[in-house]
Amino acid sequence: MRDPLSVLTDAFTAFLFGKVETTRLPVRTSTGQAQAVYLPTAAPGLGDSGVIIGREVYSGKGYIYDPFQLYGQQLPAPHWLVLGESGNGKSALEKTYVLRQLRFRDRQVVVLDAQGEDGVGEWNLIAEQLGITPIRLDPTAALDMGIRLNPLDPAITTTGQLALLRTIIEVAMGHGLDERSGFALKVAHAYVNETIVERQPVLTDIVEQLRHPEPESAEAMNVAIEDVRAWGLDVALVLDRLVDGDLRGMFDGPTTVGIDLDAPLIVFDLSHIDRNSIAMPILMAIVGVWLEHTWIRPDRKKRIFLVEEAWHIINSPFVAQLFQRLLKFGRRLGLSFVAVVHHLSDVVDGAAAKEAAAILKMASTRTIYAQKADEARATGRVLGLPRWAVEIIPTLTPGIAVWDVNGNVQVVKHLITETERPLVFTDRAMTESSAERDLRDDALRAAELEAEERAAAFVEQHLSDFEGPSESTVA
């Protein structure tokens, strides 16, 4: 109960100045108008350690990404999937990302370069600037003693050699080896490794042993020598293609001396290989296993394995299984696998759908450039993207992409420095004058600005659909 003096004081004050307390009338408004009451906000970034990619489109903040810094806290795996149609900036992103990573002393990068012009891969200029000679695998260079990688290199374990031989044969045949063919291959491989010690065993030795198996191999299984020879005939024919067929010269001899596995950048130039032939997945398998046993080592270095045209890996069940093992093995040794694919439908609807799903699941980072609406919806379903991101993908202009880093979804504009530009846009740098480049760049910037404005308006309209990451998922 108030004391009499306070009551008297309040009455006197009200008499002189009027009533002190007022009643605020309610205001009825819409959410569109009321949003002005709230300060602008932006989703949290990925921290400030690593490689700068560009800037977030809506907040303007710098966008920094590094799988090695994020692994274990924000990323369950350091592997990365890059998607999008040609001409939207995938290649520029990959090249600048590698160049920026190489500024760290503990980084090493291997690139499988499956594209190129004028007889060289598109990474050739970057390799030259770094003083590195690409490893150019070319069947037409067989007579000129071109680069060779030996599947039976002693640096690869005997178990790895046999697994690689099986993968080569299964990829070429399009089906798995039956027990009898597998037995013939196993005994031929064991005999070659036991008897050839003065030099590196090569594929010719395996083919010869399959054609003329030793009696001991038949006696061990209590079968006729003719049966063992018949079981290994198809295997011998497949391997003969690498020895004396259209793929000769790349894998039919000892590994070329002088390949520097300690170089910061190693480029395998596959641009001379028909990308639609069976040779490409065979090459991917051989190079993958060869790197697993000769390049990946427990030396605390962070390694990046970037594969152009990666659907050749993911779309082949046998090669996909091999790379799936490589990815699992590489995580504890600091390996980040970067797969570049044009269309996700190329792999999820292919012959290796199960294996593709396993590899995609390992990719905790997904970068999606512009796609057609139908493809964007299919990509969104497979990758679990939010609806606003799926709907914005068809409107993206070159250089802008949706980034999904373990659920942290942002729209990011990739920025390229003037120093990097001639190394990234190699074809345009050789065919355009400076005035033409300036006009093209001005037009591109205008288009990007218009697209950003459209995208910002779209996100504002669909703000209620946005589900940002929780604070516990970001640094």
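What you see below is based on every heavy atom in this structure, not just the backbone, and it leaves out hydrogens, waters and symmetry mates.
If you take CG on L239 and CG on D252, they are separated by 11.5 Å, rounding to the nearest 0.5 Å. A distance of 7.5 Å separates CG in L335 from CZ in F68, rounded to the nearest 0.5 Å. Distance check: F104 CZ to K301 NZ gives 15.0 Å after rounding to the nearest 0.5 Å. Summarising the geometry, atom OG1 belonging to T204 is positioned 8.5 Å from atom CG belonging to D240; distances are rounded to the nearest 0.5 Å. Taking CG from D113 and CD1 from I266, the interatomic distance works out to 14.0 Å, rounded to the nearest 0.5 Å. Separation of atoms CD1 (I400) and NE2 (H414) is listed at 12.0 Å; rounding is to 0.5 Å.
Between V111 and I126 the shortest side-chain heavy-atom distance does not fall below 4.5 Å. The shortest distance between side-chain heavy atoms of L130 and L102 falls below 4.5 Å. Counting heavy atoms from C-beta on, the side chains of D269 and W123 never come closer than 4.5 Å. Within the 4.5 Å cutoff, no side-chain heavy atoms of L396 are placed close to those of N88. Between K186 and L162, the closest side-chain pair of non-hydrogen atoms falls below 4.5 Å. Between I282 and I168, the closest side-chain pair of non-hydrogen atoms falls below 4.5 Å. Side-chain contact check for L203 versus L165: some heavy-atom pair is nearer than 4.5 Å. By the 4.5 Å heavy-atom criterion applied to side chains, I132 and V267 are not counted as neighbours.
Here the closest heavy-atom approach between residue L164 and residue A285 is recorded as CD1-O, 3.6 Å. Here the closest heavy-atom approach between residue L149 and residue F268 is recorded as CD1-CE2, 3.7 Å. Of all heavy-atom pairs between E420 and L415, the closest is OE1-O, 4.5 Å. Counting all heavy atoms, side chain and backbone alike, P67 lies closest to L75 at CA-CD1, 3.9 Å. Here the closest non-hydrogen pair linking Q161 and D153 is NE2-O, 3.1 Å. Nearest approach of R100 to T417, heavy atoms of both residues: NH2-N, 4.3 Å.
Heavy atoms from other residues, nucleotides or ligands lying under 6.0 Å from CD of E179 number 12 at most. Residue-environment remark: CZ (R105) stays at or below the threshold of 12 foreign heavy atoms within 6.0 Å.
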(request) Begin with the C-alpha distance, continue with both residues' side-chain angles, and end with the deciding distance and a verdict on side chain to side chain contact (heavy atoms under 4.5 Å, CB included) for D106 and R300. (result) CA-CA 8 Å; D106 63 341; R300 296 188 177 275; over 6 Å; no

(request) Please test N150 against V202 for side chain to side chain contact (heavy atoms under 4.5 Å, CB included), starting from the C-alpha separation and ending with a verdict. (result) CA-CA 7 Å; N150 185 12; V202 293; 4.2 Å; yes

(message) Using the rule given for side chain to side chain contact (heavy atoms under 4.5 Å, CB included), can you reason through M173 versus V238, listing the C-alpha separation, both sets of side-chain angles and the distance that settles it, and then say yes or no?
(response) CA-CA 8 Å; M173 297 176 68; V238 171; 3.7 Å; yes

(request) Test Q200 against T255 for side chain to side chain contact (heavy atoms under 4.5 Å, CB included), laying out the working first. (result) CA-CA 9 Å; Q200 282 191 19; T255 298; 4.2 Å; yes

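Distance alone, capped at 3.5 Å, is enough to place a donor-acceptor pair between the S336 side chain and the P78 backbone. The main-chain N or O of R211 is found under 3.5 Å from a side-chain atom of R229 such that the two form a donor-acceptor pair. Using a distance-only test at 3.5 Å, with no hydrogens or angles considered, no donor-acceptor pair links the side chain of K90 to the main chain of V82. Remark: the backbone N or O of R297 is paired with a side-chain donor or acceptor of R303 at under 3.5 angstrom. For the pair Q108 (side chain) and D262 (backbone), a donor-acceptor distance under 3.5 Å is present. A donor-acceptor contact shorter than 3.5 Å is absent between the side chain of R199 and the backbone of I196. No donor-acceptor pair under 3.5 Å is formed between the side chain of R366 and the backbone N or O of L385. Looking only at distances, a side-chain donor or acceptor of E170 sits under 3.5 Å from a matching main-chain atom of L177.
Relative ring orientation between F305 and F323 is described as parallel, the plane-to-plane angle staying below 30° on a 0-90° scale split at 30° and 60°.
Between R107 and D66 there is a salt bridge, since a side-chain N of the basic residue sits under 4.0 Å from a carboxylate O of the acidic one. Salt bridge R180/D234: absent, no basic N to carboxylate O contact under 4.0 Å.
For the residue pair T158 / N193, no side-chain donor-acceptor distance below 3.5 Å is found, with atom types taken as modelled. Looking at T367 and W80, their side chains do bring a donor and an acceptor atom within 3.5 Å of each other. In this model, a donor atom of one side chain and an acceptor atom of the other lie less than 3.5 Å apart for E128 and N124.
Among T365, V409, V411, N408, the single residue meeting the side-chain contact (heavy atoms from CB on, under 4.5 Å) criterion with W403 is T365.
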